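Protein chains get the first letters and strands the later ones, always in sequence-line order, with residue 1 at the start of each. These numbers come from a predicted model, not from an experiment.
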Number of protein chains: 2
Amino acid sequence: MNIKPELCRVDDALDIIVGKWKPIIILHLLKNGTMRFGELKRSIPEITQKMLTKHLRELEEEDVINRVVYPEVPPKVEYSITEYGKELEPIMVAMHEWGTKHALRKQQKTIENRG
Amino acid sequence: MNIKPELCRVDDALDIIVGKWKPIIILHLLKNGTMRFGELKRSIPEITQKMLTKHLRELEEEDVINRVVYPEVPPKVEYSITEYGKELEPIMVAMHEWGTKHALRKQQKTIENRG
DNA sequence: CTGTATCCAAGGGGATACTG
DNA sequence: CAGTATCCCCTTGGATACAG
């Protein structure tokens, strides 16, 4: 460990990533590049409009995503990951991998306790 | 991106890491290996006893740390990172690095807006 | 289609006092 | 020394209705 705990910036990263649906929003945009509001909504069936809007605004505020409004009727709004936001990918991958192991581990523990 | 958003396990990792003082607790134990309760408390001056206890219990529950009680008076309790918990280090490092950039970026933005 | 506005419940976290 | 026990506030997020 070469990170000094007192000087650590882990929380700065967590502040951006944490939010019930933020990781999955980021993953969708990392994967697809650009998506419309409704497209995201359909990709994440459980999310409410309110939370999708709120999370998107917060991610935009932190320069993780871009928001482009087309002045049409009906409205069309496209969201895309920024170059900067793309740098979150290694973190996502590392967490996904650790999370996969962890889920497996918990599952095995449950089985042991049953037997 | 080879992670399918619908099958993503990022949240499983976040569930373990998120908590006001959890990252810093993990970093201290990654760095020092083994620490006593009071030693951790002194290393994180702002934390309350209640939250330190709560976070330590949760991390123990997830096998990220070990808790060893020495039956002495006064009591002595030692916490240490598990081998499994050590696997969180790459995530911590990745988040710290991104977080450092992000903090710098926000700082520059503030300066721009002042000018 | 892409949002706002409002109300409400759950729980995370702080302050403080007490204990074996 | 290493915790518990209470009380209390604030934020997060869900449900629902409305709007340009």
Side-chain angles (χ1 to χ4, degrees), chain A residues 8 10-29 32 34-62 64-81, chain B residues 5 8 10-29 32-62 64-81:
Chain A
C8 111
V10 170
D11 289 343
D12 295 74
L14 283 175
D15 286 344
I16 312 307
I17 294 169
V18 170
K20 181 131 176 222
W21 311 95
K22 278 185 189 172
I24 198 172
I25 290 173
I26 294 170
L27 287 171
H28 275 293
L29 292 176
N32 300 328
T34 295
M35 293 176 81
R36 294 184 59 174
F37 183 88
E39 201 177 350
L40 275 164
K41 179 78 182 64
R42 280 190 301 279
S43 302
I44 312 171
E46 315 265 88
I47 200 173
T48 60
Q49 284 194 337
K50 172 188 156 187
M51 288 312 297
L52 181 53
T53 302
K54 182 166 179 259
H55 281 163
L56 288 170
R57 290 289 183 286
E58 290 168 358
L59 291 172
E60 185 196 3
E61 175 68 20
E62 302 295 346
V64 170
I65 64 174
N66 286 131
R67 177 173 184 262
V68 179
V69 182
Y70 294 86
E72 307 172 358
V73 179
K76 170 177 166 181
V77 181
E78 280 184 352
Y79 294 92
S80 58
I81 195 88
Chain B
C8 110
V10 170
D11 289 344
D12 296 74
L14 282 175
D15 286 344
I16 312 307
I17 294 170
V18 171
K20 180 129 176 222
W21 311 95
K22 277 185 189 171
I24 198 172
I25 290 173
I26 293 170
L27 286 172
H28 274 295
L29 293 176
N32 300 328
T34 295
M35 293 175 83
R36 295 185 57 176
F37 184 88
E39 201 177 349
L40 275 164
K41 179 79 182 66
R42 280 189 301 279
S43 303
I44 312 170
E46 316 265 271
I47 200 173
T48 60
Q49 284 195 337
K50 173 188 156 186
M51 287 313 296
L52 181 53
T53 303
K54 182 166 180 262
H55 281 163
L56 287 169
R57 290 290 183 286
E58 290 168 359
L59 291 171
E60 186 196 3
E61 175 68 20
E62 301 295 346
V64 170
I65 65 174
N66 286 130
R67 177 173 182 261
V68 178
V69 182
Y70 294 86
E72 307 171 359
V73 178
K76 171 178 167 182
V77 181
E78 280 184 351
Y79 294 92
S80 57
I81 196 89

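Atom C1' of nucleotide D/dG3 and atom CG of B/Leu52 are separated by 10 Å, given to the nearest angstrom. We find that CG of B/Asp15 is positioned 11 Å from P of C/dG12, with the value rounded to whole Å. Residue B/Ile16 contributes atom CD1, which lies 13 Å from atom P of C/dG12 at whole-angstrom precision. Atom pair B/Leu56:CG and D/dG3:P shows a separation of 8 Å (rounding to whole Å applied). Look at CG on A/Leu40: it is 14 Å from C1' on C/dG3, rounded to the nearest Å. At whole-Å resolution of the value, CD1 in B/Ile47 and C1' in C/dG14 are 12 Å apart. Remark: P of C/dG13 and CG of A/Asp11 are 11 Å apart, rounded to the nearest angstrom. The distance from atom CD of B/Glu58 to atom P of C/dG11 is 13 Å, rounded to the nearest whole Å.
The only option from A/Trp21, A/Phe37, A/Tyr79 that meets the side chain to side chain contact (heavy atoms under 4.5 Å, CB included) definition with A/Leu52 turns out to be A/Phe37. Each of A/Arg42, A/Glu78, A/Lys41 was checked for a side chain to side chain contact (heavy atoms under 4.5 Å, CB included) with A/Arg36, and the lone residue meeting it is A/Glu78.
Contact between the side-chain N/O atoms of A/Trp21 and the OP1/OP2 oxygens of D/dG14 is found at a separation under 4.0 Å. When the side-chain nitrogen and oxygen atoms of A/Arg67 are compared with OP1 and OP2 of C/dT2, none of them lie within a distance under 4.0 Å. Distances shown here put every side-chain N or O of B/Arg36 at or beyond 4.0 Å from the OP1 or OP2 atom of D/dC1. Between B/His55 and C/dG12 there is no side-chain polar atom (N or O) within less than 4.0 angstrom of OP1 or OP2.
A/Arg42 comes within 4.0 angstrom of no nucleic acid atom, judged by non-hydrogen atoms across all strands. B/Lys41 comes within 4.0 angstrom of nothing in the nucleic acid, heavy atoms only.
The listed nucleotides are D/dA15, C/dG3, C/dT2; the one nearest the side chain of A/Thr48 is D/dA15. With D/dG13, C/dG3, D/dG3 as the choices, the nucleotide that has an atom nearest any side-chain atom of A/Tyr79 turns out to be C/dG3. Distances from the side chain of B/Thr53 to the nucleotides D/dG3, C/dG20, C/dT2 place D/dG3 closest. Across C/dG3, D/dC1, D/dA2, the shortest atom-to-atom separation from the side chain of A/Phe37 is found for C/dG3. Of the candidates C/dG3, C/dG14, D/dC1, the closest approach to any side-chain atom of B/Lys20 belongs to C/dG14. Between C/dT4, D/dA2, D/dA15, one nucleotide has an atom nearer to the side chain of A/Lys50 than all others, and that is D/dA15.
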Passes salt bridge (charged side-chain N to carboxylate O under 4.0 Å, His left out), A/Glu61 versus A/Arg57? Steps please. CA-CA 6 Å; A/Glu61 175 68 20; A/Arg57 290 289 183 286; over 6 Å; no
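Annotation: of the two residues near DNA chain D, A/Lys54 and A/Pro75, the 5′-most nearest-nucleotide partner is A/Lys54.
Scanning both residues, A/Leu29 and A/Met35, for their nearest heavy atoms gives CD2-CB, 3.9 Å. Scanning all heavy atoms of the two residues, the minimum distance from A/Ile24 to A/Ile44 falls at CG2-CD1, 3.8 Å.
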